[in-house]
Structure formats: structure tokens, C-alpha cells
Amino acid sequence: MTEKQLKFLYDIKLAIEEIESYFASQPRTFNNYKNNSLLKRAIERNLEIIGEAINRILKEDPSFPIENAKKIIGLRNQIIHGYDSISDENIWGIVTIHIPKLKAEIDTLINS
């Protein structure tokens with residue numbers, strides 16, 4: 001792994017930790033997410049960062065082992081270019097189901 005790739009992995013880790021921090025002072029519920037436009041935009045921004053970092057890693061090494069890398073990049077593109085078709089339910093599912101898995105995967109890659 002190159003130094004650049006490691007930096008991008010840390011960017012992903014930081015974005016995930018930031019998403020998690022948004023729920024430190026409020027319950028992690030769909031209603032809290034859905035009814036708070038500031039929270040939604042902050043989470044979307046971090047998902048953009050995650051997607052862009054993965055995109056940059058894959059440009060350097062297309063075989064870099066990140067599960068669902070293409071889907072994550074696709075989500076980034078949808079948030080940026082198809083902002084009007086973003087579903088709260090879809091983003092919430094990503095935050096609650098996929099982000100914890102990605103966090104574990106990124107931690108393993110950083111520590112290897």
C-alpha cells in the first residue's frame with residue numbers, strides 16, 4: 001500500500017467517525033435524521049468524501065480490495081449529480097448498515 005492510499009484510507013476513517021459523532025448528543029433514529037436537513041447534508045458530504053477517496057484509491061490501483069467500491073463511488077456520484085433523487089431511506093440504510101461494515105474493513109486495511 002502506498003502512502004497516498006493510506007492517506008485516503010484515513011480520510012475515509014475520519015469521515016466515518018464524523019458521521020458517527022453526529023449522533024453523540026441525539027438518538028440515532030431515522031426520524032432525527034429525516035427531520036434535520038443540516039444533519040442530512042453533513043452526512044451526505046461525508047459520504048461524498050468517502051466515495052471520492054475510494055475513487056482516488058482505485059485510480060491508483062484498480063484491484064485495491066475494498067468491498068463494494070464501485071457502489072460507494074456510484075453513491076458519491078448520485079449525491080453530487082442526482083441530488084434531487086436522493087432517498088432519505090436509502091441514505092439511512094447506508095449509514096446504519098453499510099457504514100459500520102466499511103469502518104471495520106477500513107480499520108483492517110489500515111492495520112495491515
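Residues Ile50 and Arg76 have side chains not in contact (no heavy-atom distance under 4.5 Å, counting atoms from C-beta outward). Using a 4.5 Å cut-off on side-chain heavy atoms (C-beta onward), Met1 and Phe64 make contact. Side-chain contact between Lys40 and Asp88 is present, with at least one heavy-atom pair separated by less than 4.5 Å. For the pair Asn32 and Asn36, the minimum side-chain heavy-atom distance is 4.5 Å or more. Considering only heavy atoms from C-beta on, Leu75 stays 4.5 Å or farther from Ile72 through its side chain. For the pair Ile12 and Ile54, the minimum side-chain heavy-atom distance is below 4.5 Å. Glu52 has its side chain out of reach of Phe8: every pair of non-hydrogen atoms, C-beta onward, lies at least 4.5 Å apart. You'll find the side chain of Ile66 reaches within 4.5 Å of the side chain of Leu102, heavy atoms only.
For Arg45, the salt bridge (charged side-chain N to carboxylate O under 4.0 Å, His left out) partners two or more places apart in sequence, or in a different chain, are Glu48. Partners of Asp61 by salt bridge (charged side-chain N to carboxylate O under 4.0 Å, His left out), not counting sequence neighbours: none found.
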Under 3.5 Å, sequence neighbours excluded: what are the donor-acceptor pairs made by side chains of residues 103-112?
unit_1	atom_1	unit_2	atom_2	d
Lys103	NZ	Glu20	OE1	3.1
Lys103	NZ	Glu20	OE2	3.3
Glu105	OE2	Glu67	N	2.5
Asp107	OD1	Lys13	NZ	2.7
Thr108	OG1	Ala104	O	3.0
Asn111	ND2	Asp107	O	2.9
Ser112	OG	Leu109	O	2.9

Requested in this report: Evaluate the side chain to side chain contact (heavy atoms under 4.5 Å, CB included) criterion for residues Ile91 and Ile79: first the C-alpha distance (whole Å), next the side-chain angles of each, then the deciding distance (0.1 Å), finally the verdict.
Outcome: CA-CA 10 Å; Ile91 298 297; Ile79 291 170; 4.3 Å; yes

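Under the 4.5 Å side-chain heavy-atom criterion for ILVMFWY residues, no single connected hydrophobic cluster contains both Ile80 and Ile43. Note on Tyr33: it clusters hydrophobically with Val95, by side-chain heavy-atom contacts below 4.5 Å among ILVMFWY residues.
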